[in-house]
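Below, chains carry the letters A, B, ... as their sequence lines are ordered, and counting in each starts from 1. Treat the numbers as computed from the prediction; the structure is a model and nothing was measured. Excluded from the calculations below are hydrogen atoms, water molecules and symmetry mates; all remaining heavy atoms, backbone and side chain alike, are included.
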Number of protein chains: 2
Amino acid sequence: MAVTLRDVARAAGVSAATASRALSAPDLVAPERRELVRRVARELGYRPNRAARELITGRSGYLCLLVPDLENPFFAAVAKAVQSRARASGHAVVIADAEEDPRLEAELVAQLGAQADGVLLCSPRMSDDDLMTVAAGARPVLLVNREGAGLPSVVVDNRDGVRQAVRHLHALGHRRVAYAGGPAGSWSDARRRDGLQALGPDVEVVDLGAHPPAFAGGVAAADLVLASGATAVLAHNDLMALGLVDRLRARGVRVPDDVSVVGFDDVPVATLVTPALTTVAMPLARLGRTAVDLLLGPREPAAPTTVLPVELVVRGTTAPPPDTSEP
Amino acid sequence: MAVTLRDVARAAGVSAATASRALSAPDLVAPERRELVRRVARELGYRPNRAARELITGRSGYLCLLVPDLENPFFAAVAKAVQSRARASGHAVVIADAEEDPRLEAELVAQLGAQADGVLLCSPRMSDDDLMTVAAGARPVLLVNREGAGLPSVVVDNRDGVRQAVRHLHALGHRRVAYAGGPAGSWSDARRRDGLQALGPDVEVVDLGAHPPAFAGGVAAADLVLASGATAVLAHNDLMALGLVDRLRARGVRVPDDVSVVGFDDVPVATLVTPALTTVAMPLARLGRTAVDLLLGPREPAAPTTVLPVELVVRGTTAPPPDTSEP
DNA sequence: TTGTATGCGTTATCAC
DNA sequence: GTGATAACGCATACAA
């Protein structure tokens, strides 16, 4: 049997109440007794029972993190940071993978979120209505990489990311740029499209439609790029950008000599290919840390939405367009 | 306030005990009342309080999974599978990232494992002695991708993986093969070295020493490969293999024409590079599923260790060695 | 088959 | 500053 608070109290010759205070409200107990209790607790290897504590305090010590796909390096990076920051504040993290399924997502948050001290919804695919239902629960909920239902959220500046990428391509001489979009329901994808609208007339944008946010989606989009006549393509994320590069090359198109490619995220794999991917870097670890800080913060954040900056990282997949001027 | 069992009981006009039984021991209650209670519970949106249930039953409904690095795609894949399988049996999963630190690892398992229904230690870096201490706790513990301390475990056939890889290289004509090892404390790395010892005299093996199990480790090993005179190199994992390929090329060595490269794991990124990586595929999802099944199984598994098969996947980074015979 | 009473380990509320 | 005691929500031994 595990050693309980009463065991500690008995061994220290004090009441359970005093033992409890000595450990969780040290100021309320006389210095010598406090130290005595703490020493005894350490010697006995006492670990407070989370369940009992939760029952009375209402706080479980657990945070719940929901992601669409743990194997996607974007979410893995956020999960790692969340986990690390949560530990620093004494919380364990229950991580649930919703398998890109909005229905499962809603079910999981209902099931797991009920007894968590806070819920982090990373890139949820569910509708604003479902988000609203979730928000109806009293526990704090925070959206990561998504806005909606008036919930507090932390996101990145998607529009600025698009602006930076296109500005870079424009400076290189590109005048016709394609956008290979992510899944239809993606909030961040919608924001990027907004950004493309707001660009002005210097660059013509060709919309290639929605694709699965993975390597295969990029492969599919590559053929559309060639048909579009664009000299550069912006992908919804790095995985798609990789698929684009691969397929373009397979069709005899040089990257970046013939077509430039820009990704989004700056996931570790972006540097594992040759040439390394030019991409709009998201502050993934910071996203995770900020999310925990806001969720656990003393009060609701002043602004419902916290926006983190992004930064274009120019590497090997962008270059001036081939010279097509008439001689 | 959340709806409690008493609320359900009151609304259904029965006692709390009957309500409890209707939900968790349906056979013990009369059919009509049972259905009545269940319907009322559903309508009220009743969710049992995990903490209260744990306090009385001793089971928390949580599984604890410890990994050295969530961002490593190997562990992300295992975590995803564990999470999915655990959900099927009504368990949530607390995932902790030990940051490749044996000390943190031990601390986390002590902290988180105490109140979990079971603990999964994936590729733990801690010593057998520390493993022993962990095992002393009563809760079930299962090792994944590691054996030790007499604990039950699920692993892959590392020796056979090495055998398959070297056999492939030998068939291509390679006679001198280098091995770029992983971290010094890695159990699987040790097993692979065992496999290399047992190969017989047909192939000469050059040991390149221990490296960090990431891209950078492969980069460092690449220069050693060239100095070793080997025509092929086996890497501890795919990430290292990618680093090897990258650095070899940077130094003007063609892959696979001049040097062949074989990885381990078959992590998704293995197919995202050109040419795709020849690698020893580990059944990652199966590893995770099997781990949960064994952990939750009715009794200790018959054999303390369950071994899963591996399979060499030949792709683009292996080819016959350059012809170096004297003319 | 159903209800009553008890206790799980901890913290909060009181007296002292 | 400290110690009894109650209470959190649920499952179970026991009584009916």
Side-chain angles (χ1 to χ4, degrees), chain A residues 1-38 40-41 44-62 90 92 111 113-117 137-139, chain B residues 1-38 40-41 44-62 90 92 111 113-117 137-139:
Chain A
M1 200 50 193
V3 32
T4 165
L5 186 62
R6 299 185 52 155
D7 298 333
V8 175
R10 201 172 310 136
V14 299
S15 74
T18 299
S20 173
R21 283 188 285 248
L23 296 171
S24 31
D27 296 343
L28 298 182
V29 73
E32 356 176 356
R33 303 197 117 179
R34 183 205 317 157
E35 291 317 315
L36 172 63
V37 170
R38 298 181 84 107
V40 169
L44 263 46
Y46 167 72
R47 298 270 174 187
N49 182 315
R50 295 184 100 124
R53 179 176 285 179
E54 170 179 0
L55 207 47
I56 184 81
T57 63
R59 277 164 297 125
S60 65
Y62 290 111
Q111 211 168 68
Q115 260 98 44
D117 291 347
R139 70 195 156 291
Chain B
M1 202 52 196
V3 33
T4 164
L5 187 60
R6 299 187 52 157
D7 298 333
V8 175
R10 201 172 310 135
V14 300
S15 74
T18 301
S20 172
R21 284 188 283 249
L23 296 171
S24 30
D27 296 344
L28 299 182
V29 71
E32 358 176 356
R33 302 197 123 181
R34 185 206 313 158
E35 292 315 317
L36 171 63
V37 171
R38 298 181 83 107
V40 169
L44 263 45
Y46 168 72
R47 297 269 175 188
N49 182 314
R50 295 183 100 123
R53 178 174 285 178
E54 170 178 1
L55 208 47
I56 183 94
T57 62
R59 276 164 298 124
S60 64
Y62 290 111
Q111 210 167 67
Q115 259 100 42
D117 291 348
R139 69 196 155 289

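- Residue-to-nucleotide contacts include no donor-acceptor pair under 3.5 Å from the side chain of Arg50(A) to the base of dG9(C).
- The nearest whole Å value for the distance from the CG atom in Leu28(A) to the P atom in dA12(C) is 10 Å.
- Atom-to-atom, CD of Glu54(B) to P of dC10(D) comes out at 14 Å; the value is rounded to the nearest Å.
- Distance CG (Leu23(B)) to C1' (dA11(D)): 12 Å, rounded to an integer number of Å.
- Between dT11(C) and Ser24(A), a contact under 4.0 Å exists linking OP1 or OP2 to a side-chain N or O.
- Listed here is the closest heavy atom pair of Gln115(A) and Pro48(B): OE1-O, 3.5 Å.
- The 12-atom threshold is exceeded at CZ of Arg47(B), counting heavy atoms of other residues, nucleotides or ligands nearer than 6.0 Å.
- Between the CZ atom of Arg21(A) and the P atom of dA12(C) there is a distance of 10 Å, given to the nearest Å.
- Annotation for Leu55(A) and Ala52(B): closest pair CD1-CB, 3.8 Å, computed over non-hydrogen atoms.
- Arg33(B) comes within 4.0 angstrom of the backbone, heavy atoms only, and of no base.
- Across the protein-nucleic acid pair, Asn49(B) atom CG and dG9(C) atom C1' stand 14 Å apart, rounded to whole Å.
- Distance, Tyr46(B) OH to dG9(D) P: 10 Å, rounded to whole Å.
- The CG atom of Leu55(A) sits 9 Å away from the C1' atom of dC8(C) (whole-angstrom rounding).
- Within 4.0 Å (heavy atoms only), Leu5(A) reaches at least one base atom of the nucleic acid.
- Where Ala51(A) and Arg59(A) each meet DNA chain C at their nearest nucleotide, the meeting point lying more 5' is that of Ala51(A).
- Among the protein residues, Ser20(A) comes within range of the nucleic acid bases, having at least one heavy atom under 4.0 Å from a base atom.
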I'd like a table of donor-acceptor pairs (distance under 3.5 Å, sequence neighbours excluded) in which one partner is a side-chain atom from residues 7-29 of chain A, with atom names and distances.
from, atom 1, to, atom 2, distance (Å)
Asp7(A), OD2, Thr4(A), N, 2.8
Ser15(A), OG, Ala17(A), N, 3.4
Ser15(A), OG, Thr18(A), N, 3.2
Ser15(A), OG, Thr18(A), OG1, 3.3
Ser24(A), OG, Ser20(A), O, 2.8

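- The side chain of Ile56(B) lies closest to dC10(D) when the candidates are dC10(D), dG9(C), dG3(C).
- At a threshold of 4.5 Å between non-hydrogen side-chain atoms, the residues Glu35(A) and Arg38(A) count as touching.
- Separating the CG atom of Leu36(B) from the P atom of dT1(C) is a distance of 17 Å, rounded to the nearest angstrom.
- Taking every heavy atom of residues 6-18 of chain B and every atom of DNA chain D, pairs under 4.0 Å involve Ala17(B), by number.
- When each of dC8(D), dT2(D), dT10(C) is scored by its nearest atom to the side-chain atoms of Ala30(A), the top-ranked nucleotide is dT2(D).
- The side chain of Arg53(A) approaches dT11(C) more closely than any other nucleotide in the set dT11(C), dC10(D), dC8(C).
- Closest approach of Ala92(B) to Arg50(B), counting heavy atoms only: N-NH2, 3.9 Å.
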